[in-house]
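None of these values were measured; they are calculated from a predicted model.
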Number of protein chains: 2
Amino acid sequence: MQQLEDLVSSLREEGFRITPQRVAILEYLLRTDDHPSAEYIHQVVKKQYPMVSLSTVYKTLDLLKEKKLVGQIEVGGETRFDAHTDAHINLVCMNCGKIDDLDENSLNEIQSRAAKKSKYLILNANFELFGYCNDCKSKFN
Amino acid sequence: MQQLEDLVSSLREEGFRITPQRVAILEYLLRTDDHPSAEYIHQVVKKQYPMVSLSTVYKTLDLLKEKKLVGQIEVGGETRFDAHTDAHINLVCMNCGKIDDLDENSLNEIQSRAAKKSKYLILNANFELFGYCNDCKSKFN
DNA sequence: TATTAGTTGATAATGATTCCTAATTAATAA
DNA sequence: TTATTAATTAGGAATCATTATCAACTAATA
C-alpha cells in the first residue's frame, strides 16, 4: 500500500497542483477497502470538505487512473474504484453490491500466457467473479 | 456452440413466443465472433428486418442473459454481448475497441478456488485483459 | 377463426459521465 | 509578502446508454 505523502509529492513533482480536494479524495481511497463509485466518493469527501463538487471527483479520478494509482471496474452500469492495484480477483455481490478483493498469484502467469498466445500488448487486467457474498447467499437457497 | 433450432425450441417450451425479431437477434449472435453492443446489434438486424426497434433488442438481450445464452461485459461505458459462454478471457483492444476471446482452462480452477477462499456463491465470471491488439500495437511503440 | 396474454415500437425518463466556462487558487518569482 | 498566471474548481448543461411506459400488434392455443 502506498503512502499518501509519497503519492502527493510524486504528483507535485510531475507538475500537478496539490489541492485540498485532491488530497481528500486520495486519502479516502487509500484508507478504504470499499470499491466506491464516483458518487459515493463525493458523498464521503463532502462530509469533510463540503465545497467539493462531483465534477472535481470525476476529474481527480481520471488523473489517478492515468497515473495508475487507482484501478476501476465497471459493474451494473457504474464505475467502481480501488486503490489496490496488484493483480487480484474482484468478487462482486449481486445482492448487496459489495466488492471484495482476493489475491491470486496465478493471475500474473495467466496474463503473460494470454499475452503470448493472443499477441496483444497487455496493459491492464480485470478479473471479476459475480455471485452472492457470504452474508447474502443464505437468502437465495 | 449451440444450434439456433435447439435454442428456439427450448425457448418455446419455456413459454416464450418465437418472434422474427428474437430469431434474427439470436441468429446474429450465434454466427458472429464479434462482441457487439446493443446499438450495433440493432444496426445489423435492421438490415434484414427494418422494423426491429432498439428497445426490442434490449429486451431480447435481457431474456438471453437471463437464460444464460449470452454473456456480457461492460467496457467503456457500454455493454458488449457474446454467445461464447464457456469460461474464457476477453481481450479488449483499447485502440480499436475489438474484443477477442481466448480459451483458458485454468480459469475454472481459479474460480472454484476463489469460491472456497471467499465463501462467495459464484454464479458468473468475467476475465478481461486490456491493451492493444496485434494490429494496433505497432502504433504505440 | 377468435381469443388473449406476451411482445413490440416509439418515445419519454433516468442516471452516470462528460463538457463548458467564469471564478478561484496553488505555485512561482519578484 | 505580494503579484502573476496557468491549472483547477464548482456548478450546471449536455450527452449517451439504458430503462420505463403503454397503446398497438401478434404468436400460440383451442
Please state how far atom [atom1] in [X] lies from atom [atom2] in [N], giving the value in whole angstrom units.
X     : N      : atom1 : atom2 : value
B:H42 : C:dT8  : NE2   : P     : 12 Å
B:E66 : C:dG6  : CD    : P     : 14 Å
A:L11 : D:dT8  : CG    : C1'   : 14 Å
A:Q72 : C:dT17 : CD    : C1'   : 12 Å
A:I41 : C:dT17 : CD1   : P     : 10 Å
A:E74 : C:dT17 : CD    : P     : 8 Å

Contact summary for B:E74 and A:G77, nearest pair of heavy atoms: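 Scanning both residues, the minimum pair turns out to be OE1-N, 2.9 Å.
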For the residue pair B:C93 and B:C96, what are the closest heavy atoms and their distance?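 Minimum heavy-atom separation between B:C93 and B:C96: SG-N, 3.5 Å.
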Between D:dA28, C:dG9, C:dA26, which nucleotide gets closest to the side-chain atoms of B:Q21?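 So the nucleotide nearest the side chain must be C:dG9.
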Distance below 4.0 Å between A:S53 side-chain N/O and D:dG11 OP1 or OP2: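 Answer is no, no contact under 4.0 Å.
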Counting just side-chain N and O atoms, does B:T19 come under 4.0 Å of either OP1 or OP2 of C:dG6?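 No, B:T19 has no side-chain N/O under 4.0 Å of OP1/OP2 on C:dG6.
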Quiz question: going by heavy-atom distance under 3.5 Å, is there a donor-acceptor pair between the base of [N] and the side chain of [X]?
X     : N      : result
A:R17 : D:dA7  : yes
B:R12 : D:dA28 : no
A:R22 : D:dT8  : no

[X] vs [Y] side-chain heavy atoms within contact, under 4.5 Å:
X      : Y      : value
B:I110 : A:L129 : no
B:L107 : B:I89  : yes
A:D101 : A:N90  : yes

Using a strict 4.0 Å threshold on nitrogen-to-oxygen distance, state whether A:D100 and A:K98 make a salt bridge.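 Salt bridge: yes.
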Readout for nucleotides 17-23 of chain D: B = base within 4.0 Å of protein heavy atom, S = sugar-phosphate only, - = neither; 5' to 3' it is SBBBB--
Have a look at A:Q72 and tell me which of A:K65, A:R80, A:H35 forms a side chain to side chain donor-acceptor pair (under 3.5 Å) with it.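 It is A:K65; the other options fail the test.
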